[in-house]
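So the structure is just underneath, and the comments pick up after that.
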Amino acid sequence: MRQPRYHLSQPLRDAQFLGSVLDSSISTRSFSLGRAAHALILKHLSPYHLIPSFLATHLVNFYAKLDRPTTAYAALRLHPSPCVVSWTALISGCSQNNRPLLSLQLFSSMLSTSVRPNDFTLPSVFQAAGAVPCHVFGRQTHGLAVKMGYLPRDSFVSCAALDMYFKTRLNSDAYKLFNEMPNRSVVSWNALVTNCLQDGRPDDAIDGYFGMVRDGHRPNTVSLCAFFNACAAVECLYLGCQLHGFVVRSGFEHDFLVENALIDFYGKCHKVTCAKKVFDEMHVKNNVSWCSIISAYAQNGCEEEALNVYLQGRRDGVEPTDYMVSSILTACIGLSALDLGRSMHSVAVRSCIDENIYVASTLINLYGKCGNITDAEQVFSEMHKLNLIAWNAIIGAYAHCGDAQMALSMFDEMTQNSTIAPNYVTLVCVLTACSRGGHTNEGMDLFETMRERWGIEPQTEHYACVVDLLGRAGMEERAYEIIKEMPMRPSVSVWGALLASCKMHGKTKLGRIAAERLLEMDPHDSGNHVLLSNMFASTGRWVEATDVRKEMRQIGVKKGPGYSWISWKNKVHVFQAKDLTHPMNFQIQAMLLKLRRDMESAGYKPDTQYSLFDLEEEEKETEVWYHSEKLALAFALICIPEGVPIRITKNLRVCGDCHRAFKFISGIVGREIIVRDNNRFHHFRNFECSCGDYW
């Protein structure tokens, strides 16, 4: 039987139609559709020299834009009459797909064929030149553009050259070119403002915005977003609020890009209520909108609200992105919510963003700050590419857990076996690790050589770490000398570190000096008063301790209570010292009594120096036995099954008696106990603590 013949409809043979298909393939990033169009061109319009020139250029553009440079170059070689348009398509495709060296090489090849670049070619070349560290390419292209008459008259080419100079940190050349431009447009001003912002100069960005306004240009969406970002960077609430008023008057209040910038601005200026109001009034919300409001909550200590907004977004069909997951993980860190963090880790895996460098770095930070160093190490080892954030996260994780040896080992690996240089955050992490691990010599050597070895000037955070390092080692006097030699005014953290170490070692005279400085800086901080009072109480100077407490009452300063809490079955159980209000109080008291008998049989005796009240010895023993962390531990031993680590969080530093008691209990009951106080993690197991009694 004769098969029916199918006739190809005329549009599939039409060159204009096939060109539009190739354009559509680029916009939809559909490689298979473009290949199908190419096949139709070869089938119905070959041989190649008969293909219309514009269609051959479409083919070059398609392969170049979809990052197939080899195929694009082959299409250019077969082009019946290659011209500046086809060369520009190939050069711009390589530039847009982050192939700057190839783009510059192709530009050189184009010039060798005597094809003159036009005002579309040069911006692509400037874009490529801005992405390479060598300044020669950009300056040579600038010279060519001047010879051809495009600079400084053509605003499109001028903006591209301006952006190139800023990207290559040739700021003086950029400003010189900007001042030479005869017709500065809002686009050129935006290039100036956004590059100042990206270069970490928000004040210059603000000045550039006002220069644009004085020049008579009306700001557009890019201008407004850049200004809000600059105000957020310097936390200039007043200027940002003024611009918000301009946005409303100018009709930009429902431009979702401007609204996203507003949410970010208010979040970084700690006005979360304003950020939420902008978010709620948005007509159109995209992923950036949801990420911005979640980040605003997470950055301002509103972790539960951040989680609620995330859940609402998921119910509304919002897909998780790398930035959104990173923000939620940051909220989990603030809540010490390890289980929630693990749930978000699984979300990241399901969404195929767990290998994103920012998500992975935040995961390392999460596991490190929740005391799960094993998972932090695993995430770090599985990262294909390491950046400074990842190195800082793993070093900080070891520092938080007090493993100074591993922190120093990772720091050595980073500085010796990678091309990444440490920054001031890295050195804060390493100095913190040395402080908590008792590596005094290594820490001091690092501090004294950081300027020469890495060109990093010590900041107040570094001085605070060094004061803490020396103070823990009992060298408070040397720490005090370093404070007096500081080139900047000592911060609260510096004097606080000295006061804490003086309290630890009973140096009341120097401790009083530190306390006086602290009270001058912040007289209403209850923590400083309490630390001074406890220092006197721990050395038996009850009259002076009482005087400090009286002074607190006179000026209206109230001491915040010490809490310990533990999560079990989706509920947080909170305890205070001598707390009898818990529903399971009877069982808790019975467990404490049993533990005390077992511990005394094993040789434990309460350390009454941590009773900070003037009581008889027997009363002191009873008082220290009912500290909040012991009540939390008794509850955990009743409820949490064997084999599951017990995790307790405390808002103050764990006292010496509780620390010693937990070591005994870990061995007696054969359980792993993890305590996070306001300073570090303590892993108790088999009568020992990970801190080695140095904390």
Would you mind reporting whether [Y] and [X] have side-chain heavy atoms less than 4.5 Å apart?
X	Y	result
P490	R517	no
Y323	N287	no
L595	K630	no
I483	W495	yes
H345	Y367	yes
H682	V654	yes
L427	F411	yes
Q589	L580	yes

- Step through it carefully: locate the ring centre of F575, locate the ring centre of H582, and say whether they are under 6.0 Å apart.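 Here the rings of H582 and F575 have centres that are less than 6.0 Å from each other.
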- Centroid-centroid distance, W290 to Y310, less than 6.0 Å: no
- Query: If we ignore angles and hydrogens, is there a donor and acceptor under 3.5 Å between the side chains of N286 and S289?
  - Reply: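 Side-chain D/A pair, N286 to S289: present.
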More than 12 non-hydrogen atoms from neighbouring residues, nucleotides or ligands closer than 6.0 Å to [atom1] on [X], yes or no?
X	atom1	value
E688	CD	no
Q405	CD	no
K285	NZ	yes
E642	CD	no

- Message: One pair to check against side chain to side chain contact (heavy atoms under 4.5 Å, CB included): L307 and L335. What are the steps and the verdict?
- Response: CA-CA 11 Å; L307 291 168; L335 292 170; 3.6 Å; yes
Spell out, as yes or no, whether a donor-acceptor pair under 3.5 Å connects the side chain of [X] to the backbone of [Y].
X	Y	result
H462	Q459	yes
S351	A348	no
H384	E355	no
N300	C302	no
S295	C291	no
D468	A497	no
S601	R597	yes

- How far apart are the C-alpha atoms of F380 and W391, what are their side-chain angles, what is the distance that settles it, and do they pass the ring pair (Phe, Tyr, Trp, His ring centres under 6.0 Å) test? CA-CA 9 Å; F380 182 80; W391 282 106; 5.2 Å; yes
- Message: Does L366 form a side chain to side chain contact (heavy atoms under 4.5 Å, CB included) with M344? I'd like the steps, not just the answer.
- Response: CA-CA 11 Å; L366 165 79; M344 288 308 302; over 6 Å; no
- Item | Parallel, tilted or perpendicular, as decided by the 30° and 60° cut-offs, for the rings of H683 and F681 |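 The rings of F681 and H683 sit tilted, inter-plane angle from 30° to 60°.
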- Query: Under the side chain to side chain contact (heavy atoms under 4.5 Å, CB included) criterion, do I395 and V430 qualify, and how do the steps go?
  - Reply: CA-CA 7 Å; I395 294 171; V430 179; 3.8 Å; yes
Tabulate below the donor-acceptor pairs under 3.5 Å that side-chain atoms of residues 661-672 make, not counting sequence neighbours, or state none.
| from | atom 1 | to | atom 2 | distance (Å) |
| --- | --- | --- | --- | --- |
| K663 | NZ | D693 | OD1 | 2.9 |
| K663 | NZ | D693 | OD2 | 2.9 |
| S666 | OG | F662 | O | 3.4 |
| S666 | OG | K663 | O | 2.8 |
| S666 | OG | F687 | N | 3.2 |
| R671 | NH1 | I640 | O | 3.4 |
| R671 | NH2 | I640 | O | 3.2 |
| R671 | NH2 | P641 | O | 2.9 |
| R671 | NH2 | V644 | O | 3.1 |
| E672 | OE1 | R685 | NH2 | 3.2 |
| E672 | OE2 | R685 | NH2 | 2.9 |

- Name of the residue among M444, R472, H439 meeting side-chain contact (heavy atoms from CB on, under 4.5 Å) with C434: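 Considering M444, R472, H439, a side-chain contact (heavy atoms from CB on, under 4.5 Å) with C434 is found only for H439.
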- Note on the structure: Sequence neighbours excluded, the answer for side chain to side chain contact (heavy atoms under 4.5 Å, CB included) partners of S564 is S628, E629, A632, I648, K650
